[in-house]
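Okay, so here's the structure we're looking at.
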Amino acid sequence: MAVMYAYARLFVVLVLLIPAGWAQPPAARALEKSLRERLSEPLKTLELGMIMLGEDFFGAAPSGVRWSDTSEGLTFSWKRWNEPERKTWQYALGDAAPRPWPDDQPRPPRGRFDRDRLWRVYVEGQSVHVEDVTTGEVTEILRLAAPIFDTRFSVDADAVLVYARDAVYRVSLQRPGVVQLLAISSSARKEDKDDQEADPPDKPEDLADYHEREQREMFRRLWEKEQREKSAKDRTEKRKERRREIPTYGPPKGFAVQGVSVSPSGQHVAITLRKSGVRGRSADMPDYVTEDGYSKMRSTRSKVGDKSPERRLEVMDMESGDIVQVGEPAEKRGAYPGRPSWSVTGEFLVAQARSDDDEDLWLLKVDPATGKTTTLHHRHDDAWVGGSDGRPQWLGDSGRVFFVSEKSGWMQLWIADVATVETRQLTEGAFEIRRPVATPDGKKIYAIATPTSPHVGDLVEISPESGSVTVLTADGGGRSFSLSPDGTKVAEVFSTANTPWELRIRWLDGSREPVVLTDSPSPAFNGYGRWRKPPVVWFVASDGVEVPARLYRPEKPLPGKPAVLFVHGAGYLQNVHNWWSSYYREYGFHHLLCDAGYTVLDVDYRGSAGYGRDWRTAIYGHMGGRDLGDYVDAARWLVETEKCGKLGIYGGSYGGFMTLMALFTSPGTFTAGAALRPVTDWAHYNDGYTSNILDDPLESPEHYRKSSPIWHAEGLRDHLLICHGVLDSNVHAQGVFRLQQRLIELRKKNWEVAYYPLEGHGFTDAASWYDEYRRIKELFDRTLPE
């Protein structure tokens with residue numbers, strides 16, 4: 001008892017010593033604090049710990065830029081280097097500088113104008129408001145308990161159409177009145193229920209019928225009661241005929257409503273549907289470091305080969321209640337129409353359809369009355385159709401849509417007249433058009449394009465009539481932009497190869513100089529002063545194609561002149577360019593390597609974005625084939641042209657996969673490699689990305705065998721480091737465990753694995769980044785210099 005009492009006293013003392021809340025880890029907190037305090041001091045020599053602070057060191061890119069509906073100001077998300085987290089900022093034209101949006105106020109609601117831009121409708125909370133743009137007067141026109149998903153003006157602007165969670169309403173602006181046009185139910189339509197039977201056939205009179213008939217014939221009171229009941233029923237039916245009932249939409253049996261798009265005419269509604277209850281088996285992921293000390297399992301995603309559930313598009317006439325299913329553009333192709341979009345007048349409806357095998361894409365004109373479709377544009381690719389192909393946008397209220405398509409071999413702008421079903425290519429050339437957007441009047445289209453160089457993202461103006469492309473910028477960098485609602489200016493997030501992203505306002509007529517709103521990097525970043533613009537070089541690959549790369553040359557090479565090749569990740573990405581890289585930590589790491597005497601090469605291998613269809617699809621059927629060949633050829637070029645010695649290679653995600661394939665299938669080319677969060681077996685990755693490139697694993701197992709590192713592990717003879725986050729729900733750490741077991745059974749040497757218990761696919765903690773890149777640097781220092 002005395003011992004127990006002593007322990008109890010000790011516990012009380014310890015509890016009293018702990019401040020309110022949980023105690024903080026003092027040593028780790030002190031390290032982090034001392035490092036961040038140095039951000040305010042100019043950094044003369046690069047340090048790995050500072051680089052891995054990420055946005056706090058390099059600066060945070062402004063994002064979420066949103067113009068006010070009046071084009072007189074904007075809001076955006078941004079974090080200054082000395083602040084702990086992002087916040088919303090606001091800027092009004094003419095102000096000296098942006099200022100933080102008050103924490104206790106919601107962001108201003110985004111509205112929608114009528115065709116003449118005289119009225120604006122917007123949702124605030126659970127209320128719909130209409131503003132008179134001329135006077136600024138605001139009127140609340142509807143308040144609902146249900147969430148409100150969309151609002152728009154009717155064609156003649158005399159009403160607002162409101163789509164809430166379970167209904168569509170029409171709110172008149174000319175006179176008081178709210179009309180519910182449609183009720184949306186989650187229950188299946190009656191005609192689709194299995195237990196719904198046809199009207200039963202007439203049956204012969206039985207004994208009960210005989211007695212009822214005799215009673216009515218015998219007694220006047222019973223006969224009169226029957227006549228009164230018949231008369232009342234007739235009156236009820238006549239009242240129903242005179243009174244319009246609210247139609248109810250219920251999905252077909254086995255389907256769930258995914259989205260609702262109301263026509264501006266207020267007559268039709270397009271409804272996207274998805275087969276309910278259909279999902280592949282989901283892989284579980286263990287979480288070992290938890291708040292309560294007990295490990296738990298997290299559900300993540302299914303694997304390639306799990307078929308996507310069936311989808312449908314239906315159109316309902318809200319006046320008659322008639323429902324039609326939109327037809328597929330091709331039989332037995334599993335091409336389900338979706339992404340419905342109404343013209344400004346509500347006269348036309350267009351939709352997209354993409355085949356299950358990803359080889360065909362259609363842009364369709366849809367007849368709302370019948371559901372029949374007419375093809376406006378069809379794109380076929382024997383490999384797979386690019387993700388941004390064919391997404392239509394309306395050109396003002398002209399009844400025309402514009403979109404980008406790779407049909408010519410390059411992502412170019414196309415335009416289609418929906419009324420006449422005439423489609424033509426608007427721009428031409430061996431360059432890319434990205435993220436086009438039209439002015440409200442439809443007279444101009446603005447986009448990011450690469451006509452001057454594949455490595456420069458210019459802002460261009462395109463004529464919807466002639467297709468002429470006018471380059472508006474000459475700064476040689478890259479950008480994203482947000483067009484103001486009045487179409488006169490853009491909010492431009494701009495950068496160059498050695499200056500991080502900053503937000504500025506550009507007047508499209510050139511009448512004023514751009515106004516820069518942010519200054520993001522830390523004093524430590526600015527103090528270094530030697531941030532390079534690595535030159536773009538081209539080398540000839542073994543198939544005769546010229547391949548671009550960025551080259552970092554050291555002033556004082558290490559003995560033996562070692563070099564490191566970086567492999568960017570995938571999805572569809574470009575990293576050889578003249579704007580600030582999304583791999584900014586790697587950009588800093590390459591400077592650190594270069595300062596230490598390493599040559600560094602960063603290649604846009606086959607499969608990268610920005611170089612047209614043939615470049616994009618060169619990896620079809622074999623990842624780690626032509627793309628890895630570009631790295632083997634780059635290694636040869638470094639040895640022959642730059643006189644480099646031993647070579648290292650590293651990258652994350654797809655770059656980690658490529659590192660494994662390099663060491664496993666081309667042994668001796670690279671002395672060492674660091675594979676970060678790598679895919680080890682494509683048969684265990686997701687369907688959306690993998691099936692595009694390698695097809696279905698049951699149909700094309702050979703594609704998976706030759707593309708998956710785990711099947712080539714016997715080729716390892718060089719030095720390998722693998723780093724992986726345990727909580728990676730994208731590329732599962734299970735893949736590394738499987739590869740580890742393979743390497744163990746093959747009795748391989750010179751390999752090691754580092755796991756990060758609290759990190760996912762993209763690390764979030766500076767200490768984890770530091771530990772990972774410390775290991776990479778030590779690997780190269782140990783194996784590459786002479």
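All values reported here derive from a predicted model rather than from experimental measurement. The residues of the chain are indexed from 1 along the displayed sequence.
The backbone N or O of A145 sits less than 3.5 Å from a side-chain atom of Q126, completing a donor-acceptor pair. Distance alone, capped at 3.5 Å, places no donor-acceptor pair between the T690 side chain and the D687 backbone. A donor-acceptor distance shorter than 3.5 angstrom exists from the side chain of R301 to the backbone of N730, with no hydrogens or angles considered. Side chain of D695 to backbone of S700: no donor-acceptor contact under 3.5 angstrom is found. Judged by distance alone, the side chain of T290 and the main-chain N or O of Y294 form a donor-acceptor pair under 3.5 Å. The closest donor-acceptor contact from the side chain of T680 to the backbone of I710 lies at 3.5 Å or more, if one exists at all. For the pair H380 (side chain) and E359 (backbone), a donor-acceptor distance under 3.5 Å is present. No donor-acceptor pair closer than 3.5 Å links the side chain of H719 to the backbone N or O of F670. With hydrogens and angles disregarded, a donor-acceptor distance shorter than 3.5 Å links the side chain of S707 to the backbone of M623. At distances below 3.5 Å, at least one donor-acceptor pair connects side-chain atoms of R152 with backbone N or O atoms of V262.
Residues forming a side-chain contact (heavy atoms from CB on, under 4.5 Å) with Q740 (at least two apart in sequence, or on another chain): V736, F737, W751, V753, Y755. Taking the salt bridge (Lys or Arg N to Asp or Glu O under 4.0 Å) definition, one finds that K79 meets it with D56, sequence neighbours left out. Contacts of R616 classified as salt bridge (Lys or Arg N to Asp or Glu O under 4.0 Å), with partners at least two apart in sequence or in another chain: D381, E406. For P147, the side-chain contact (heavy atoms from CB on, under 4.5 Å) partners at least two apart in sequence or on another chain are F149, R165. Partners of E328 under the side-chain contact (heavy atoms from CB on, under 4.5 Å) rule, at least two apart in sequence or in another chain, are Y336, P337. For Y770, the side-chain contact (heavy atoms from CB on, under 4.5 Å) criterion is met by L48, M52, R774, not counting sequence neighbours.
Here the OG-CG distance, from S261 to L349, works out to 7.0 Å after rounding to the nearest 0.5 Å. Rounded to the nearest 0.5 Å, atoms OG (S127) and OH (Y122) are 10.0 Å apart.
Salt bridge annotation for R606-D630: present, with a cationic side-chain nitrogen under 4.0 angstrom from a carboxylate oxygen. In summary, R738 and D681 engage in a salt bridge, as defined by a charged side-chain N under 4.0 Å from a carboxylate O. Ion pair E83/R80 flagged as a salt bridge, since at least one NZ, NE, NH1 or NH2 atom sits closer than 4.0 Å to an Asp/Glu carboxylate oxygen.
Side chains of Q258 and T272: a donor-acceptor N/O pair is absent below 3.5 angstrom, by distance only. A donor atom on one side chain and an acceptor atom on the other are found under 3.5 Å apart for Y756 and D771. A side-chain donor-acceptor contact under 3.5 Å links S520 and W78. In this structure, a donor-acceptor pair under 3.5 Å is absent between the side chains of H761 and S729. Side-chain polar atoms of R189 and T248 form no donor-acceptor pair below 3.5 angstrom. Side-chain contact, E586 with Y773: a donor N or O sits under 3.5 Å from an acceptor N or O. Residues S282 and S299 bring a donor and an acceptor atom of their side chains to less than 3.5 Å of each other. In the model, H622 has no side-chain atom that pairs as donor or acceptor with a side-chain atom of K706 under 3.5 Å.
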**Request:** Please report the C-alpha distance between V315 and V269 in whole Å, then the side-chain angles of each, then the deciding distance to 0.1 Å, and finally whether the side-chain contact (heavy atoms from CB on, under 4.5 Å) criterion is met.
**Result:** CA-CA 6 Å; V315 181; V269 60; over 6 Å; no
**Request:** Decide ring pair (Phe, Tyr, Trp, His ring centres under 6.0 Å) for F566 and Y583; before the verdict, give the C-alpha distance in whole Å, the side-chain angles of both, and the deciding distance to 0.1 Å.
**Result:** CA-CA 11 Å; F566 172 65; Y583 291 95; 5.3 Å; yes
**Request:** List the steps, then state whether salt bridge (charged side-chain N to carboxylate O under 4.0 Å, His left out) holds for R86 with E55.
**Result:** CA-CA 11 Å; R86 284 179 173 265; E55 284 188 343; 3.4 Å; yes
**Working for side-chain contact (heavy atoms from CB on, under 4.5 Å), residues Y631 and S666** = CA-CA 10 Å; Y631 269 86; S666 187; over 6 Å; no
**Message:** Apply side-chain contact (heavy atoms from CB on, under 4.5 Å) to residues L628 and T665 and explain how you reach the verdict.
**Reply:** CA-CA 9 Å; L628 179 59; T665 66; 3.2 Å; yes
**Request:** Dump the intermediate steps for ring pair (Phe, Tyr, Trp, His ring centres under 6.0 Å) on Y685 and H732, then the final yes or no.
**Result:** CA-CA 8 Å; Y685 195 52; H732 297 155; 8.3 Å; no
**Request:** Check the pair R354, V385 against side-chain contact (heavy atoms from CB on, under 4.5 Å), reporting the backbone distance first and the verdict last.
**Result:** CA-CA 9 Å; R354 188 183 180 108; V385 177; 4.1 Å; yes
**Message:** Assess the residue pair W81 and F58 against the criterion (ring pair (Phe, Tyr, Trp, His ring centres under 6.0 Å)); give the C-alpha distance rounded to whole Å, side-chain angles, the decisive distance to 0.1 Å, and a yes or no.
**Reply:** CA-CA 8 Å; W81 64 271; F58 294 102; over 10 Å; no
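Note: Y654 and W682 have tilted aromatic rings, judged against thresholds of 30 and 60 degrees for the angle between ring planes.
Closest approach of A766 to E32, counting heavy atoms only: CB-OE2, 4.1 Å.
Judged by a 6.0 Å distance limit and a 45° cone about the ring axis, R585 is positioned over the six-membered ring of W769.
In this structure, Q105 places its CD atom where more than 12 heavy-atom neighbours from other residues, nucleotides or ligands lie under 6.0 Å away. The 12-atom threshold is exceeded at CH2 of W101, counting heavy atoms of other residues, nucleotides or ligands nearer than 6.0 Å.
Ring to ring, Y584 and F589 are not that close: their centroids are 6.0 angstrom or more apart. Ring-centre distance between Y704 and W711: not below the 6.0 Å cut-off.
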